[in-house]
Each structure stands twice: as structure tokens, then as C-alpha cells.
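I have placed the structure first, in the form of C-alpha cells, so that the comments after it can refer back to it.
The basis for the numbers below is simple: all heavy atoms, side chains too, and nothing from hydrogens, waters or symmetry mates. A note on names: the letters A, B, ... follow the listed sequences, proteins ahead of strands, and every chain is numbered from 1. If you're wondering where the values come from, they're calculated on a predicted model, not measured in any experiment.
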Amino acid sequence: MADEDHNGFSEWGGYFEAKKSKLEEQFAAASNPFRKSNLFDGISIFVNGLTNPTADELKRIMMVHGGTFHHYERSHTKFIIASNLPDVKVRKMDTSRIIAAQWVVDCVEQNRVLDYKPYLLYTNQKTTQPRLNFGKGKKNDSTLDNSTVAEETELDGILKELQQDVATSPKKHISHINNLSATTTSNHPNSSHSARTAVDPEFLNEFYKNSRLHHIATLGAGFKQYVCELRQAHGNKPFVKRGELRTLLVAGKLLSEDVSTKTPKRYVMHIDMDCFFVSVGLRSHPDLRGLPIAVTHSKGGTGATDVPVHPQANRQVERELFAQRFEQHLHDNVRADKVRYGFQKNMSLSEIASCSYEARAKGIRNGMFVGQALKLCPELKTIPYDFEGYREVAFALYNTVAQYTLNIEAVSCDEMFVDLTDVLQELQVDVMTFVTHLRQEVRDITACPCSAGVADNKLLARMATKLAKPNGQHLLQTEDAANYMATLALDVLPGVGSSITYKLNQAGLSNCADVQQVSLVRLEMLLGKKMAQTLYQNCRGIDPRPLVYEQQRKSISAEVNYGIRFSKYEELEKFLKQLSGEVHSRLIEIKRKAKSITLKLMVRAAEAPVETSKFMGHGICDNQTKSLLLKQSTDDLEFITQNVLKLMKESGFPPNELRGIGIHLSKLDDVVESKKENLIMNMFSKISEKQKDKSINIPIAIPIKEPLDMKAKSDSTNVLSLLKNAATRSKSNPAAAFKIANFFQVTATESSYSSSSPPPPPPMIHVASWADCFLNRSDLQPSTSKAGLARENKRLCRADQIVTKYMEELPQHMHPAIHQYITLNNKQKDVAPTVEQPEKQTNIFVNPNYKSLLATWVKTEAVPKPTDVNLIYLNICDLVLDNQMDKVYEIMKYFCCIVKTKRRNSCCWHMAYNEIESNIQEKVQEILDCHIYIREAIDCCKCQSFRS
DNA sequence: ATCCTCCCCTAC
DNA sequence: TAAGGTAGGGGAGGAT
Ligand SMILES: Nc1ccn([C@H]2C[C@H](O)[C@@H](COP(=O)(O)OP(=O)(O)OP(=O)(O)O)O2)c(=O)n1
Ligand SMILES: [Mg+2]
Ligand SMILES: [Mg+2]
Ligand SMILES: [Mg+2]
């Protein structure tokens with residue numbers, strides 16, 4: 001609670017504190033004196049939309065009977081009370097908690113907590129998981145929080161702070177604000193179906209929500225970022241936790257005596273959670289401990305051995321094709337078995353994300369199909385995913401380690417390398433004593449076991465972890481390394497998978513001992529230079545790689561190879577646009593720009609059956625990739641989308657043959673140290689820089705120091721007022737107005753071309769389509785024709801150059817939102833030149849373009865200025881007073897949406913929104929004696945935790 | 001030589 | 001039914 005004053009948070013103290021205490025007081029005052037029973041003790045509800053009794057009434061009932069009323073949905077909200085909800089929204093929700101208001105009434109009437117199931121609104125529920133939101137704070141989970149140290153150290157504070165702000169990938173950010181005038185349209189609660197194929201607009205969300213691989217990838221990337229931020233925030237401060245541990249160890253007489261004389265030795269630790277998903281899952285299924293368990297989407301049991309299979313799917317054929325194509329996989333045990341048994345009739349092809357060690361004893365492995373696993377172990381129990389839980393435990397793991405050292409190389413959400421040399425040096429403690437303590441701490445906090453290996457390089461540390469698992473630790477001495485390695489199979493080496501193992505096997509090498517006997521040259525012939533070098537060293541236990549603490553991202557992508565079934569180009573195009581939006585928002589999230597766009601396609605192999613064995617799977621496919629080098633790096637959605645569509649068209653594949661689509665952005669520009677000082681000023685100066693190296697003579701009107709002047713004058717340096725001033729000023733000061741109008745008219749003309757109309761079609765020269773090259777495999781060497789195509793593309797690029805230049809350059813120097821806003825104001829001024837404006841500034845929302853303005857504000861300001869928040873609030877208030885409730889609703893809805901999508905992790909923005917919203921609610925209450933129903937507020941655990 | 005594009009491979 | 005993503009390393013072969 002005391003850690004809100006980092007990163008400009010404190011600016012928010014006032015707003016935020018006010019809100020917090022108000023809410024708390026409200027509740028405390030309302031709940032205590034009037035309580036009649038404890039009927040709803042421990043039960044919380046959130047009212048979504050219009051209900052009978054009303055939300056207010058339900059709130060009163062809950063309070064009177066000891067329950068909790070949530071003003072917005074939280075992760076731990078027990079029930080959502082609703083009467084009917086729009087279909088679209090229902091799909092995004094966990095319908096198993098949505099019940100009718102009547103339940104509350106009936107409970108009170110009978111004075112007991114009734115079974116809620118008869119009151120479920122949606123009975124054909126799907127158990128979907130919320131899609132990962134990395135930036136969401138820890139939820140108030142007792143297993144995690146109760147056991148953390150009572151006193152909050154400084155690092156602790158930073159940890160908690162940063163935990164909120166790390167990169168995210170939330171997947172449920174559309175605002176749910178009920179229309180004020182909502183005469184709730186007729187909905188069909190039971191028509192709610194899951195999005196089966198990518199044709200359904202909800203598919204992308206639904207898929208990502210449920211994709212384990214998406215979740216672990218996102219988490220992994222998040223933790224790499226997290227480590228960077230922790231390190232940057234930490235500076236040279238001491239690690240408080242080290243001192244505590246030292247005291248503890250002194251008390252227990254566990255410090256090594258002679259250590260001070262030892263030559264400093266390097267200690268690399270590798271730490272990894274044991275069967276991560278399973279361990280997390282078992283926390284809520286304690287009865288299943290000790291049994292063979294798997295985490296999977298499939299329910300398991302008999303259902304999984306008698307799964308419905310599409311009548312036109314042919315598992316036998318697919319199995320054989322797979323065998324032909326991926327011969328090398330048949331020598332990989334897991335995959336070979338997957339082929340041999342997995343494709344048997346009616347066996348579930350759902351993958352096991354993680355299985356318990358009891359299951360492993362029966363031969364079950366991570367990644368195996370459920371059907372096959374059930375053959376190995378018919379009593380295998382399955383448990384569902386708990387993505388939120390993985391996030392929490394992963395944070396706990398990282399945070400625990402981070403309190404001792406930040407020499408951490410993040411590997412994945414359940415795994416990292418740590419250089420312990422420093423800590424050990426300071427603590428003068430034996431390595432394994434330290435590791436024991438650390439692991440115990442992780443276990444205490446997470447209730448999940450982990451294992452750790454220590455050695456003097458990463459490879460051996462990994463090997464040591466393998467030896468240690470499960471729930472153990474191991475120190476691998478370098479002297480023993482070569483001998484130990486000799487006993488190992490090849491594929492246990494990191495970087496050696498089924499293909500390389502296969503190649504080596506073909507060459508007569510079947511384990512590390514064999515490879516140790518082989519010359520470097522021979523390995524090079526087999527595997528290429530780099531792999532040979534690595535393998536040559538690794539099989540001897542040598543690994544010179546340093547730990548990389550701050551990992552710099554090199555690319556970003558979004559890919560879906562599941563549920564891709566299109567019949568028309570329009571469907572495909574719609575999906576491509578969605579997917580472009582997805583990568584784009586990820587790109588924005590990391591605040592970078594990309595210079596290269598790659599479209600990756602999975603296309604049904606000619607021989608492969610149209611219906612895949614795995615439900616909605618990609619089956620056997622050929623992969624194709626096509627990339628485009630931009631003239632300049634971009635983060636413009638429209639531009640990216642257009643290029644993606646262009647690449648797609650070039651590919652020429654029929655939509656119905658596609659089985660997977662991915663968009664990759666690479667050649668990212670350098671990271672900018674976010675000096676969010678005054679973005680708008682940067683924009684102005686960028687324009688003038690551009691001006692210099694451009695030979696076109698655009699009259700530049702705003703001297704760089706103009707905004708500076710404004711800054712000085714208008715006591716607030718915020719974007720909003722700057723924008724407003726720029727606009728107003730143009731009205732009151734004709735000279736300035738001329739200049740500004742002049743300038744923006746020029747740029748606006750160019751940009752309206754670029755943003756509203758698609759680029760002109762390229763000259764119609766025959767270009768061999770990408771698919772042509774691919775489909776007529778027999779005709780041409782693909783490489784030749786591809787090269788030809790590439791050449792062709794480049795030429796076309798050059799032909800478009802002049803137009804393209806504008807299209808690419810303009811949007812990134814000045815945000816279209818901003819010039820549209822300003823231009824519009826100026827245009828209006830031109831059209832109806834000017835009654836002298838009174839002192840009172842015009843309401844921002846009078847401008848038809850207010851949405852852009854809002855969006856720009858949210859996007860450009862890392863931390864919203866109180867002045868701006870106030871301004872927005874006052875402006876909306878005006879509308880309320882003016883009884884323009886439709887507009888108020890519209891604004892709030894949009895604002896909420898923007899904050900949620902653009903500022904997922906920024907609690908100061910969440911609070912800004914909440915602040916405005918609650919104040920507006922009050923105003924509405926006061927003036928109109930009614931309430932704007934908001935279905936879902938900003939959904940962020942961190943903010944919530946402040947209030948509870 | 002060195003770069004680039006289009007792959008393939010691996011890991012979680 | 002099922003949710004087969006994502007990032008990085010690196011090789012082959014052509015362009016420069
Ligand atoms: N094919 C795979 C491999 C892993 N994972 C997920 C689930 C795992 O729990 C998590 C961590 O992967 P690990 O390789 O660390 O495997 P486990 O933690 O499950 O087991 P171990 O005890 O071997 O580390 O990643 C997955 O979804 N699919
Ligand atoms: Mg693990
Ligand atoms: Mg792991
Ligand atoms: Mg391996």
C-alpha cells in the first residue's frame with residue numbers, strides 16, 4: 001500500500017487516495033451498523049447490466065447480509081449477476097459464474113445459501129480460461145501473500161511496482177459499458193457458442209485465451225523484460241534480503257568458516273519449477289497429489305479414448321504422411337509414439353502441457369497426446385489449465401530470487417539462470433546451503449516444488465537440474481563433467497532435438513560418448529559450423545556462453561495455426577486484419593517500430609486430407625514465408641495491415657487451403673530511453689528535422705520554440721492543453737493561425753491520402769505469384785522463381801517510391817490523430833472565421849474529432865497529468881449538465897476502451913479513468929438521479945488491490 | 001567476404 | 001473434439 005510513489009505515481013496520490021478511502025468508507029459505513037446476518041459471508045457479487053432487483057438494491061442486500069459487493073468484476077468475484085447480456089460479451093466471460101438476481105432474493109427469503117446452479121444464466125458453459133494478462137498484479141491469493149515477509153523492503157517495493165508494468169498480452173480489453181438508454185436489446189443467452197474457426201470474429205481472442213503455448217511464450221518474454229526493469233530500477237542499492245538471510249544463517253551456525261580464503265569461483269545456478277503446470281494445478285486439487293496427473297484441455301477418462309472424429313478425416317493416411325515427411329521424428333521417442341499411437345482411431349489428440357512425475361514413471365511426457373498417454377496409464381487424471389496461477393507462481397519465483405541478486409537470465413516463466421558468485425561472496429555461505437534456503441523460500445511462497453542445479457557454466461547447471469529433479473538440487477563439479485556427459489543421450493543436450501539426433505544417429509553416433517570421439521571437422525560436415533562447435537564443446541561439458549541478464553528483443557509476431565478454415569477471401573482478409581491488429585498492438589506495447597514484415601503461411605500439403613485428424617488442427621502442411629523490407633520502420637497499423645494484405649495477395653494461395661497464418665515483425669529499431677518529457681515537442685522538432693533532409697519545400701510554420709513558449713505560459717506542460725492551445729491560439733492570433741494552418745494544411749493533404757485511401761494499385765505487370773512458384777513445384781526451382789519475384793517486388797517498390805515516402809513517413813512523425821485534430825480545428829476556423837472566443841475554452845468534446853484527441857492523449861502520455869484529468873472531467877461534466885447523455889456514454893465507453901487497450905499496465909491511467917468515471921457517476925447521480933451502468937471497469941489487479 | 005531472404009530447428 | 005505460440009540461432013544459396 002505504501003508503494004505508489006514510483007514513476008510519477010505520486011502525482012496521483014490525491015486522486016487515488018480520495019477514491020480509495022471513499023470506497024472503503026462507503027462500504028465500511030454501509031456494511032457494519034446495518035448488518036442483519038452473515039448469510040453471504042465470503043460471497044462476492046458483481047452486477048452486470050440491468051437487473052431486478054437493481055444493482056443498488058442488490059448491493060444493499062449483500063451488505064446487510066454480510067456479503068461483498070464488487071463495483072466491477074474482479075478475478076475473485078464469486079458471482080456475476082445479470083439478466084441478459086449480449087451474445088458477444090458472454091463469449092468472453094466465464095459463464096459458469098453468471099447467475100440471475102433471483103438467487104440473491106431467494107437466498108434471503110429462505111435464509112440460506114442456495115445452490116446457485118439452477119440460477120445459472122448460461123448452462124452450456126465452456127470452461128475457458130481468461131487470457132493471460134501479464135501486467136495484472138498479483139491477486140490476493142492467500143497461499144501467496146500470507147507467507148511473504150511482513151516488512152516491505154525497498155526492493156520489495158520495486159518488485160511489486162514493476163510487476164504491474166511489465167509487458168503484457170491481455171486478451172479481453174473491449175469495454176463493456178451498457179448504453180444508458182439501454183432498453184436492453186433482445187439477446188439469446190443460450191445461443192452462445194464457442195468460436196470454432198478463424199471466420200468467427202471472436203476466434204482470435206478465444207484461441208489465445210486457451211493457448212498454453214501463447215501463454216508461456218508471452219510470460220517468458222515478459223520475464224525477460226521484467227529482469228531488465230528490475231535491474232534498471234535497482235541501481236546500486238544493497239540487497240536487503242541478503243542481510244536477513246545472513247542473520248538467519250549466523251543464528252543457525254550455517255556460515256562456512258574458511259570461505260574467506262577460497263579463490264572466488266563462479267557459480268551458475270539453473271532453477272526450474274517441477275512439472276510447473278501440474279504443481280500449480282495441484283494446489284487446488286490436493287486430493288490428487290501422488291497420482292499420475294496431466295494438465296490438458298481434454299477431460300480425459302473414457303471420453304478421451306472415444307473422441308468424435310470428423311468423418312472425412314483420415315488418421316491412418318495422416319499418420320503415414322507424417323511418417324514419410326518427418327522420418328527423423330520417428331527416431332524421437334515421444335514423437336514416434338505420437339505417430340504410432342496418437343493417430344489411432346478416436347484417441348484424443350489434445351496435448352498434455354505438463355504431467356506429474358508419477359505420470360512420467362509410466363512413460364508419459366510433456367507434449368504427448370492425451371489418447372496415447374491414456375494407453376500408457378489408463379488411470380491418468382487430468383486437470384484444467386490455470387493460467388492466472390502460472391503467472392502468480394512465476395512472479396513469486398522471480399521475485400524470490402530477485403531479492404538476493406539480479407544477475408538473472410530469464411529463460412522462461414518457470415526457469416532461469418542465476419549467477420550466484422556475488423551473493424555467495426557477500427554472504428560467505430556454502431552454495432548448496434544457499435540454494436536449499438532459496439528453494440525452500442520458493443516453496444513456502446508458492447506451494448510448488450522446484451529444483452536447482454549448480455555448476456560453473458550454464459550447460460552443466462542445466463544438467464545438474466536434470467539430475468536434481470524432482471524437488472531436489474545438485475552441484476555438478478567441473479572435474480566430473482566430461483565423464484558425466486559421456487553417459488548421456490544426445491537429445492538431452494540443449495539445442496539438440498530430434499533432427500540433429502537423427503543426423504548424428506545416421507552418422508553412427510548415438511550418444512555423447514560417441515560424439516566425444518569425433519573430430520570437429522567431421523561434426524562440421526554433418527551439422528554446419530556453429531552447431532558442430534557447440535556440440536563439440538557441449539558433449540564435453542564445456543560451455544563458454546555468458547549469462548545474458550538484459551535480453552534485447554529482436555522480433556515480435558503473432559501466429560495462429562489452429563482453426564484456420566476459410567472459404568472466401570473476405571473471411572481471410574478479415575482475419576488478416578485482426579491478426580495485423582494483434583501484432584500491431586504488441587509492437588506498440590513494446591514501444592518499438594519494425595522495418596520488416598513477414599507473412600508466414602501453413603498450406604495444406606497436396607497429399608494431405610482436407611480434414612485434419614486433430615480437430616481444427618493444421619494437419620500436414622507446407623510452410624511458406626514472404627517478407628517485405630520497408631523503406632523505414634513503422635508502427636502504423638494501417639500501413640502494416642496493407643502490407644500484410646499485399647503479401648497475402650502475392651502469395652496467391654486459395655483461402656481454403658490455408659491452415660496457419662503468422663505475421664512477424666523484425667528489424668526493430670533501437671529502444672529509446674523513454675524520455676516521455678514532452679512528446680508533442682518531439683513531434684514538432686522531428687518534423688523540422690525531416691524538413692531539412694527533404695527537398696520538397698513545405699513551409700514550416702512553427703518554430704521549435706513556439707511550443708516551448710506555450711509551455712512556459714500555460715503553467716501545464718501537458719499534451720492536451722498544448723493541443724488546445726495550438727488550436728485556440730490559431731483563432732485568437734491570426735498570424736500564428738496562418739502559419740499553423742498553412743503548415744498543417746500541407747501535411748494534412750498528404751496524410752489524408754495516405755490514411756484514408758489505399759495505395760494505388762501497382763502497375764499491372766505480370767508477377768509470378770508466390771503460390772505459382774510454390775504450387776508448380778515441378779516446373780521451376782523455387783529459389784529461382786522466388787528470387788525473380790523478389791526482384792520484381794523491389795522494382796515495384798521503387799516505382800511507388802514517391803507516394804510511399806509520404807505514406808511511410810508522415811504518420812510516424814506526427815500522429816495522424818494530432819494533425820487531424822488540429823487540422824480540423826483550423827479548417828473550421830477557415831470555414832467560419834471566428835467570432836472572438838471568450839475566455840472560457842471550448843469544450844473539447846465539441847470537436848467531432850474528440851476521439852482521436854483522447855486516443856492521442858492516452859497513447860502519448862505515460863502518466864496522465866492531473867490538469868488533463870481534471871480538464872476532461874470538467875468537460876464531460878459540462879455535457880452532463882447539458883444533458884448530452886448519449887455523448888457522455890459514448891465518451892466514457894471510448895475512453896475506457898482506449899485506456900484498456902493502450903494502457904493495459906499503467907495503473908496511473910487506470911486510476912485516471914476510474915477517477916473520472918466515478919466522479920462522473922456522482923455528477924450524473926446528482927443531476928439526473930440515475931446511473932451509467934458500466935459493465936466492466938478497468939480490469940487490473942493492482943489497482944484493485946489498492947482498494948481492498 | 002558479407003548481406004539478405006527463406007527456410008529449418010529448438011526450447012519452453 | 002481443441003485451443004499446434006513465439007523467439008532466437010543458424011544454414012543454404014543467391015545478390016552485392
Ligand atoms: N511441450 C510443452 C512443454 C512445456 N509446456 C509448459 C508446461 C510446463 O509445465 C511448462 C514448463 O516446462 P518445463 O520444460 O519446465 O516442464 P515441467 O515444468 O512441466 O517439468 P520439469 O519438472 O521437467 O521441469 O511449460 C508446454 O505447455 N508444452
Ligand atoms: Mg519446469
Ligand atoms: Mg522449464
Ligand atoms: Mg535437447
Minimum heavy-atom distance between Asp635(A) and Arg592(A), given as atom pair plus value: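 In this case the closest contact between Asp635(A) and Arg592(A) is CB-O, 3.8 Å.
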Expressed as a whole number of angstroms, how long is the span from [X]:[atom1] to [N]:[atom2]?
X	N	atom1	atom2	answer
Ile216(A)	dT6(C)	CD1	P	11 Å
Asn538(A)	dG9(C)	CG	P	15 Å
Phe277(A)	dA11(B)	CZ	C1'	14 Å
Ile597(A)	dT5(B)	CD1	C1'	15 Å
Asp491(A)	dC12(B)	CG	P	12 Å
Phe223(A)	dA11(B)	CZ	C1'	17 Å
Leu535(A)	dG9(C)	CG	C1'	15 Å
Lys224(A)	dG8(C)	NZ	C1'	8 Å

Looking at side-chain heavy atoms only, is the closest gap between [X] and [Y] below 4.5 Å?
X	Y	answer
Lys458(A)	His270(A)	no
Leu579(A)	Leu204(A)	yes
Phe566(A)	Asn656(A)	no
Ile271(A)	Thr465(A)	no
Met616(A)	Glu611(A)	no
Tyr398(A)	Met416(A)	yes
Val603(A)	Leu658(A)	yes

What nucleic acid atoms does [X] come within less than 4.0 Å of, heavy atoms only: base, sugar-phosphate, or nothing?
X	answer
Gly617(A)	base
Ile663(A)	nothing
Lys503(A)	nothing

Return no unless some side-chain N or O of [X] is found under 4.0 Å from OP1 or OP2 of [N].
X	N	result
Lys209(A)	dA2(C)	no
Asn366(A)	dC12(B)	no
Thr218(A)	dG5(C)	no
Ser298(A)	dT1(C)	no
Lys614(A)	dA3(C)	yes
Gln624(A)	dC6(B)	no
Ser499(A)	dC9(B)	yes
Ser498(A)	dC9(B)	no
Arg462(A)	dC12(B)	yes
His214(A)	dT6(C)	yes
Tyr502(A)	dT10(B)	no
Arg586(A)	dT6(C)	yes

Among [options], find the nucleotide with the atom closest to the side chain of [X].
X	options	result
Arg196(A)	dA3(C), dT5(B), dT1(C)	dT1(C)
Leu629(A)	dA3(C), dT10(B), dT5(B)	dT5(B)
Val411(A)	dC12(B), dC6(B), dG4(C)	dC12(B)
Lys626(A)	dA3(C), dG5(C), dC6(B)	dC6(B)

Run the salt bridge (charged side-chain N to carboxylate O under 4.0 Å, His left out) test against Arg659(A) and tell me which residues pass, sequence neighbours left out.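 Testing Arg659(A) for salt bridge (charged side-chain N to carboxylate O under 4.0 Å, His left out), a comparison that skips the adjacent residues, returns none.
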Got a list of protein N/O to nucleotides 10-12 of chain C N/O distances below 3.5 Å?
unit_1  : atom_1 : unit_2    : atom_2 : d
dG11(C) : OP1    : Lys530(A) : N      : 2.7
dG11(C) : OP1    : Met531(A) : N      : 3.4

For Arg212(A) and Phe615(A), find the nucleotide of DNA chain C closest to each by heavy atoms; which residue's nucleotide sits nearer the 5' end?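 The residue mapped nearer the 5' terminus is Phe615(A).
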So, do His618(A) and dG4(C) meet the stacking rule of ring centres under 5.5 Å and planes under 30°?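 His618(A) ring centre within cut-off of dG4(C) base, planes near parallel; stacks.
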Go through it in stages, so that I can follow the logic: the residues are Asp274(A) and Ser451(A), the test is side-chain hydrogen bond (donor to acceptor under 3.5 Å, both in side chains), and I'd like the CA-CA distance, side-chain angles, deciding distance and then a yes or no. CA-CA 6 Å; Asp274(A) 296 330; Ser451(A) 300; 2.7 Å; yes
Determine the interatomic distance between P on dA3(C) and the same-named atom on dT10(B); round to the nearest Å.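 Straight-line distance between the two P atoms is 22 Å.
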Contact list for DNA chain C against residues 551-559 of chain A - heavy-atom distance below 4.0 Å: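 Here the set is Gln552(A), Arg553(A), Lys554(A), Ser555(A), Ile556(A), Ser557(A), Ala558(A), Glu559(A).
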Cut-off 3.5 Å, side chains only: do Asn561(A) and Glu559(A) have a donor facing an acceptor?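 On atom types as modelled, these side chains qualify, holding a pair under 3.5 Å.
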Side chain to side chain contact (heavy atoms under 4.5 Å, CB included) with Lys503(A): which of Leu490(A), Leu509(A), Leu527(A)?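 That would be Leu527(A); it is the only one of Leu490(A), Leu509(A), Leu527(A) passing the side chain to side chain contact (heavy atoms under 4.5 Å, CB included) with Lys503(A).
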